[in-house]
2 protein chains.
Amino acid sequence: MSAKGQQGRKPRADVQRNRAALLEAAQRHFLRAGVGASLEAVAKEAGVGPATLYRHFPTREALLAAVLQTRSEELVARQEDIALLGDASEALRQWLRALEEYFSAFSGLPEPLMAAVREREPDNPLTLPCDELIATTDEYVRAAQLAGHARPSVKGYDLYLAAVSVAWIKGSGATDEESLDRLRALIESGYREQDGEE
Amino acid sequence: MSAKGQQGRKPRADVQRNRAALLEAAQRHFLRAGVGASLEAVAKEAGVGPATLYRHFPTREALLAAVLQTRSEELVARQEDIALLGDASEALRQWLRALEEYFSAFSGLPEPLMAAVREREPDNPLTLPCDELIATTDEYVRAAQLAGHARPSVKGYDLYLAAVSVAWIKGSGATDEESLDRLRALIESGYREQDGEE
DNA sequence: ACCTGAACACCGTTCAAGT
DNA sequence: ACCTGAACACCGTTCAAGT
């Protein structure tokens with residue numbers, strides 16, 4: 001039972017090349033056609049057969065999660081910048097904007113992200129990153145509440161949902177930036193404590 | 001040019017039967033499988049060939065719009081009840097809930113509805129109903145604003161978008177009723193005038 | 001005028017055969 | 001151990017042929 005496939009050994013060179021080519025092709029296609037892009041086309045552009053794609057990424061979600069890895073790292077980096085602010089209210093606001101941008105990486109991305117939270121199956125590779133983002137949002141909310149800048153009834157998950165919603169609307173393309181801004185303002189005045197404006 | 005197909009004449013009996021059977025089958029499938037349900041399966045259940053479905057409803061949107069007709073009429077009826085309230089603030093709140101229920105008729109419905117608003121092509125049979133709903137929402141918002149119950153910066157379209165969003169989240173199934181209620185409360189305190197609580 | 005079912009195209013997924 | 005391309009299944013859409 002100990003001589004299975006993926007020991008800590010270096011993967012073969014062509015395996016690494018295939019994986020990299022698949023990720024690059026997938027990102028291009030997700031950008032162009034949204035998360036529902038044809039996997040056949042991705043494999044073709046990466047110069048491999050469809051079965052090779054499935055060997056590397058058994059589900060569309062697995063491929064999506066791998067492509068999103070880079071963006072997640074950007075989000076973590078952003079968190080450090082935000083921490084420097086000091087102001088809990090402004091920190092929460094900026095975090096929500098960063099979340100929204102992350103969700104807007106590809107058109108149609110909010111859908112599988114919500115599904116990942118719904119199913120709560122450990123085999124969905126998107127569940128873990130989502131849970132982390134929800135937890136982080138909750139931390140920002142708590143900090144803002146302690147500083148008197150957010151209503152006590154608001155939870156991190158609520159604002160996570162609000163951010164996904166805005167991203168979904170943005171991705172649907174039915175709306176100009178002005179409407180989005182009004183929607184963001186509406187959400188903001190929804191979670192803010194009225195008096196704590198200093 | 002005047003002896004075309006659909007004059008005011010009565011359609012043949014089998015045509016009426018087919019149309020009715022298609023609508024019934026479509027509603028069942030949309031309820032079970034969401035708006036992306038297999039049209040092939042719909043035709044099969046209605047006892048007709050796929051081409052007959054396409055003759056009656058050239059696009060998925062056309063079929064969807066026809067199935068939604070009944071629900072739209074329910075919404076209009078609801079409007080009359082709401083008008084009896086007198087209270088502009090409560091009227092707006094109830095209208096938004098009615099909208100949300102309408103959008104939740106089938107899973108995945110928010111998607112094509114947003115697309116209809118985006119494309120603004122007259123051949124999309126969902127565009128007209130959506131535009132009407134937006135206009136109606138705007139009337140409720142204006143009335144609430146006149147009564148001092150809604151912020152002047154809010155537009156009907158904003159709250160229309162908010163209602164679609166809540167329906168989308170509800171339809172994604174990732175969320176319990178409590179979270180939805182908190183989200184609705186957040187939106188409400190977002191558009192309400194703080195002082196005008198009487 | 002309307003219907004039918006076969007036909008075509010496209011894509012996700014798997015499997016037998018290669019190296 | 002990994003790759004390949006053929007094969008299968010499913011579905012949306014159209015077309016030639018019927019009545």
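Since we're looking at a predicted model, the values are computed, not measured. Atom set for the values below is all heavy atoms of this structure, side chains included, hydrogens, waters and symmetry mates excluded. Just so it is clear: chains get the letters A, B, ... in the order the sequence lines come, proteins before strands, and each one is counted from 1.
Put simply, the side chain of Thr127(A) never gets that close to the backbone of Val117(A): no donor and acceptor are under 3.5 Å apart. Remark: side-chain polar atoms of Asp81(B) are not paired, donor with acceptor, to backbone N or O of Arg78(B) under 3.5 angstrom. Put simply, the side chain of Glu188(B) never gets that close to the backbone of Arg93(B): no donor and acceptor are under 3.5 Å apart.
Remark: C1' of dC3(C) and CZ of Arg19(B) are 17 Å apart, rounded to the nearest angstrom. Rounded to a whole Å, the CG atom of Asp14(A) is 7 Å from the C1' atom of dC2(D). In this structure, Leu53(A) places its CG atom 10 Å from P of dT13(C), rounding to the nearest Å. If you take CD of Glu40(B) and C1' of dT14(D), they are 14 Å apart, rounded to a whole angstrom. We find that CZ of Arg55(B) is positioned 12 Å from C1' of dT4(C), with the value rounded to whole Å. The distance between atom CG of Leu39(A) and atom P of dC10(C), rounded to the nearest whole Å, is 17 Å. Between the CZ atom of Phe57(B) and the C1' atom of dC3(C) there is a distance of 15 Å, rounded to whole Å.
Among all heavy-atom pairs drawn from Gly156(A) and Val141(A), the shortest one is CA-CG2, 3.8 Å.
Ion pair Glu100(B)/Arg184(B) flagged as a salt bridge, since at least one NZ, NE, NH1 or NH2 atom sits closer than 4.0 Å to an Asp/Glu carboxylate oxygen. Between Arg19(B) and Glu24(B) there is no salt bridge, since no side-chain nitrogen of the basic residue lies less than 4.0 Å from a carboxylate oxygen of the acidic one. With respect to the salt-bridge test (charged N to carboxylate O, under 4.0 angstrom), the residues Arg182(B) and Glu177(B) do not qualify.
Helical stems of DNA chain D (runs of at least 3 Watson-Crick or G-U pairs, donor-acceptor distances under 3.5 Å) are listed by first residue: C:4-8 with D:12-16, C:12-16 with D:4-8.
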message: Before you tell me yes or no, could you show the steps for Leu39(B) and Arg60(B) under side chain to side chain contact (heavy atoms under 4.5 Å, CB included), namely the whole-Å CA-CA distance, both residues' side-chain angles and the distance that decides it to 0.1 Å?
response: CA-CA 8 Å; Leu39(B) 298 183; Arg60(B) 182 183 294 270; 3.7 Å; yes
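Using a 30° and 60° split on the angle between ring planes, Phe106(B) and Phe30(B) fall in the tilted class, from 30° to 60°.
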Enumerate, atom names and distances included, each donor-acceptor pair closer than 3.5 Å involving a side-chain atom of residues 40-55 of chain A, sequence neighbours excluded.
unit_1   : atom_1 : unit_2   : atom_2 : d
Glu45(A) : OE1    : His29(A) : NE2    : 2.8
Glu45(A) : OE2    : Arg28(A) : NE     : 2.5
Glu45(A) : OE2    : Arg28(A) : NH2    : 2.8

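A donor-acceptor contact under 3.5 angstrom links the side chains of Trp95(B) and Thr137(B), judged on distance only. Checked by atom type, the side-chain pair Thr175(B)/Tyr157(A) shows a donor-acceptor distance below 3.5 Å. Side-chain polar atoms of Ser189(A) and Tyr191(B) form no donor-acceptor pair below 3.5 angstrom.
Phosphate contact (OP1/OP2 of dC2(C), side-chain N/O of His56(B), threshold under 4.0 Å): absent. Under 4.0 angstrom from either OP1 or OP2 of dC2(C) there lies no side-chain N or O belonging to Asn18(B).
For Tyr160(B) and Phe103(B), the ring centers are positioned less than 6.0 Å apart.
The hydrophobic cluster containing Leu63(B) does not contain Val15(B), counting ILVMFWY residues as joined when their side-chain heavy atoms lie under 4.5 angstrom apart, directly or transitively. No chain of hydrophobic side-chain contacts below 4.5 Å, direct or via other Ile, Leu, Val, Met, Phe, Trp or Tyr residues, connects Ile134(B) to Leu128(B).
Remark: Ala37(B), Ser38(B) in residues 20-38 of chain B come within less than 4.0 Å of DNA chain D through at least one heavy atom. Interface residues of residues 59-66 of chain B facing DNA chain C, ordered by number: none; criterion, heavy-atom separation under 4.0 Å. Remark: nothing in residues 105-114 of chain B comes within less than 4.0 Å of DNA chain D through any heavy atom.
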Using a cutoff of under 3.5 Å, can you pull out all pairs of nitrogen or oxygen atoms linking the protein to nucleotides 5-7 of chain C, with atom names and distances?
none

